[in-house]
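Input: a single structure, listed below in structure tokens.
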Amino acid sequence: MVTDVPTFFGITFGAGDFVGLFSLFFDNLSTLLGLSYAILGLSSTSTLLPDIVFKRIIPAAGIMLFVGNCYYTWQCCRMRKKYNRQYTAQPYGLNTAGGFPFVFGIIYGVYYAYTPQCTEDGCPADSSFSDPLEEENYRVELAWKVCVSANFLTGLINIFLGFFGELLLKVFPVAAMLVPLAGIGFTWLALNQIAPNFETPAIGLIPVYLIFTQYYGLGRFYICKGWYLPEALPVALFGIIAGWAYGLQSGVVAPVSPGAWAGGAFYQGFSDIGPYIGTVLPFSIAASFTDMMCLVSAQKAGDPYPIRETMISDGVGTLIGSILGSPFGTVIYIGHPVHKRVGAQSGYSIMNGTVYLIICLVGIVPTILSLVPAIAIGPIIFIFGLMICEECTKHIAQRHHSAIFFGIFFGVADYIYTAFQPGNSINGIEVMSKGSALASMMWVAIIVYTTDRRWIKAAIFCVVAAFFAGCGIIHQDSAFSNFTTGFQGIPNSSPAQFMAGYLSMAAVAGIYWLLQKFMGKKLSPGEPGYENDHGYLPPLKEKGVDKLFNTWWDPVLKDTVIEDPDETQKAGDEFYEEEEEVLEGINTNQKKGRRLAGAESLGVGVPVLTPARAFKDPVLPEEEAPKDEEPAADENA
């Protein structure tokens, strides 16, 4: 088996794994702290709320992260052994894209929808509460229970949709799977993370600048004998020291009592979930599609993973978390290509899960909250968001780049309305924010097929978007309601109006198909008279735009060393006699049977560090040896 780093029971513990651990740890920490702050802001008077956050939600998150990271470490080792090549484990963490909408849409929604019986002066005689504090605690716990039940339902939906993941990858274009991730990376993982740095520019801009010096300028800090500090460490150290010196942190909070919680909240909230089922369904469906997007991102980096297994595993992890009291799920995380890029393999995942199991169960998360300023960890997450956008442009054809930027608009709209909750009246930006990930997928697919003049497929996705819009899964704040009136009672934004709009788009695409079929160009490029043929252009059909599952395992099948000569011959007949068509970013001059070095196979615009040298001097990729020039052909021959 391929081994170029220290291993323990098949798990790698190389330098790249420690770089990946550092990045993934702060990535998860940022989400955990952000969600904790958001929930703690629900009520300033409840005495139960801190216990819910620190003794129920956070321990549940720690257990989920440990179980999930262990599973995906094992999956990586299994794939590594099966295909005899380097693999990078899928990063696993809290559902950033779904966590914040669940907090603001469900927990806050239930809390503010409740009508209090008690006032500051006391409670009515017929009230079931003895004092206002008891009612406030009930109100907070009710909101938490409904969200936990919603999370449990999300896990069930994820498992159900997992059985259809392979089919969906045969239908959706690659861009539709990658662009919504770029929208999340651009907003939640990039813009949202560096905003605190610009609030305190005197000390906050240096960590942002260090990110570029470390990751892009390769200006890493030398230790000795060719070893360097991990890229993220100087950023974190400067941020922590400067934050305390500048007075951003005022004191250290004591840890809470250790332990975990388990109970019936995951089913007790179902009695009150009815009004919020419309909020749950869009995010549950989007979470499942996000899994597929992350799988596509990993496959494009050269590491294909089983689709059904991964989606079902994420659903099971979410179910476990809800039983333990978590109102948000865990999923494979965006950013696999970035971890592969720094040389991480399998060890970084299990180390991350172990660290989180400890810190979440021993009760020190409140202490960490008080120790680490936002300017220290934000830029580390920012680079992940930036690189996700970079990877998106790399794997999508240039003619489809307009779809990238248009698809990101939905993520930006979602960020504005989720993070800031503006109080202005309904407008187009707000409806774009509802079901943003799914809406982005639909529009990117439509634009890709429109650009390629594949009108029937464009029309089909318009019809699918019309279905989602008619059900209220996209562009609405709740599903299966207000079909003609729309949310907030404004009919112009109703599901019926959106459905009509998308069906009209389908009709336009159908007209173009008819024009292409019956009034298309009769001549091919280069033929005499082509310029005077004013017929409609034919469709563009290029491999790699869609039907990704048909070539899902190509990166490893063309890269596997097979010991049995008969199997080698069979593999050669099946795979290597074809024209060399490997995915962009993987070297195309590899010989038959020769494995690709995982991190070295990524051409991402900067020198790539192999796992064994992730902390050492960067090694520039060797230039391909010039081939002997063939004599020019005789033009008259």
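Below 30°, between 30° and 60°, or above 60°: for Y92 and Y72 the angle between ring planes is between 30° and 60°, a tilted geometry. Using bins of under 30°, 30° to 60° and over 60° for the plane-to-plane angle, the ring pair W74/Y71 lands in the tilted bin.
Here the side chains of Y246 and I241 are not in contact, with every heavy-atom distance at 4.5 Å or above. At a threshold of 4.5 Å between non-hydrogen side-chain atoms, the residues L24 and H339 count as touching. Side-chain contact between C360 and I63 is absent, with no heavy atoms from C-beta onward closer than 4.5 Å. Between W144 and V140, the closest side-chain pair of non-hydrogen atoms is not below 4.5 Å. Annotation: side chain of W261 is not in contact with side chain of L324 (no heavy-atom distance under 4.5 Å). Between V179 and S440, the closest side-chain pair of non-hydrogen atoms falls below 4.5 Å. Residues P379 and Q193 are not in side-chain contact: their nearest non-hydrogen atoms beyond the backbone lie 4.5 Å or more apart. For the pair I447/S402, a side-chain contact is recorded, criterion being any heavy-atom separation below 4.5 Å from C-beta on.
Under a 3.5 Å cut-off, the side chain of S436 and the backbone N or O of M432 do not form any donor-acceptor pair. Using a distance-only test at 3.5 Å, with no hydrogens or angles considered, a donor-acceptor pair links the side chain of Q249 to the main chain of S370. Formation of a donor-acceptor pair under 3.5 Å by the D314 side chain with backbone atoms of N158 is not found in this model. Proximity of a side-chain donor or acceptor of H336 to a complementary backbone N or O of S297 within less than 3.5 Å is not detected. A donor-acceptor pair under 3.5 Å links the side-chain atoms of S36 to the main chain of L32, judged by distance alone. A donor-acceptor pair under 3.5 Å links the side-chain atoms of N151 to the main chain of S326, judged by distance alone. Counting only distance, with no hydrogens or angles, the side chain of N28 and the backbone of F25 share no donor-acceptor pair below 3.5 Å. Looking only at distances, no side-chain donor or acceptor of Q75 sits under 3.5 Å from a matching main-chain atom of A89. At least one donor-acceptor pair closer than 3.5 Å links the side chain of S46 to the backbone N or O of L49.
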Exercise for the section: Under the side-chain contact (heavy atoms from CB on, under 4.5 Å) rule, what do L361 and Y356 come out as? Steps first, then yes or no, please. Expected result: CA-CA 8 Å; L361 291 186; Y356 270 97; over 6 Å; no
Practice task
Could you please spell out the steps behind the side-chain contact (heavy atoms from CB on, under 4.5 Å) verdict for L35 and V103?
Solution key: CA-CA 8 Å; L35 290 170; V103 170; 3.9 Å; yes
Handout entry: Intermediate values then yes/no, side-chain contact (heavy atoms from CB on, under 4.5 Å), I203 and L248
Key = CA-CA 10 Å; I203 59 172; L248 295 182; 3.8 Å; yes
Practice task
Could you give me the CA-CA distance, side-chain angles and deciding distance for D17 and Q345, then say whether side-chain contact (heavy atoms from CB on, under 4.5 Å) is met?
Solution key: CA-CA 6 Å; D17 285 300; Q345 295 188 51; 4.0 Å; yes
Exercise for the section: Mind running salt bridge (Lys or Arg N to Asp or Glu O under 4.0 Å) on K340 and D303 for me, showing each step along the way? Expected result: CA-CA 9 Å; K340 187 175 182 70; D303 288 350; 3.1 Å; yes
Practice task
Run the numbers on Y108 and Y111 for ring-ring contact (aromatic ring centres under 6.0 Å, His included), then give the verdict.
Solution key: CA-CA 5 Å; Y108 275 71; Y111 179 84; 7.4 Å; no
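Atom CD1 of residue I359 and atom CG of residue L65 lie 9.0 Å apart, to the nearest 0.5 angstrom. Considering CD1 of I404 and CD1 of I396, their distance stands at 4.0 Å, rounded to 0.5 Å. Here the straight-line distance linking atom OH of Y348 with atom CG of N69 works out to 8.0 Å at 0.5 Å rounding. Summarising the geometry, atom CD belonging to Q90 is positioned 11.0 Å from atom OG1 belonging to T73; distances are rounded to the nearest 0.5 Å. In this structure, I350 CD1 and F9 CZ are separated by 11.0 Å, a value rounded to the nearest 0.5 Å. In this structure, CG in D414 is found 6.0 Å from OG in S433, a value given to the nearest 0.5 Å.
Environment of CZ in F186: sparse, with no more than 12 heavy atoms of neighbouring residues, nucleotides or ligands closer than 6.0 Å.
Nearest heavy-atom pair, V110 versus A143, reported as atom, atom and distance to 0.1 Å: CG1-CA, 3.7 Å. Nearest heavy atoms, G363 versus P366: O-CD, 3.5 Å. Across every non-hydrogen atom of R80 and G10, the tightest pair is NH1-O, 4.3 Å. Across all non-hydrogen atoms, the minimal contact from I240 to L371 is CG2-O, 4.4 Å. Listed here is the closest heavy atom pair of C294 and I332: SG-O, 3.6 Å. Heavy-atom minimum distance, M351 versus L21: C-CD1, 3.9 Å.
A side-chain N or O of S346 and one of T12 form a donor-acceptor pair less than 3.5 Å apart.
Cation-pi geometry between R85 and Y87 is met: the NZ or CZ atom falls under 6.0 Å from the ring centre, inside 45° of the normal.
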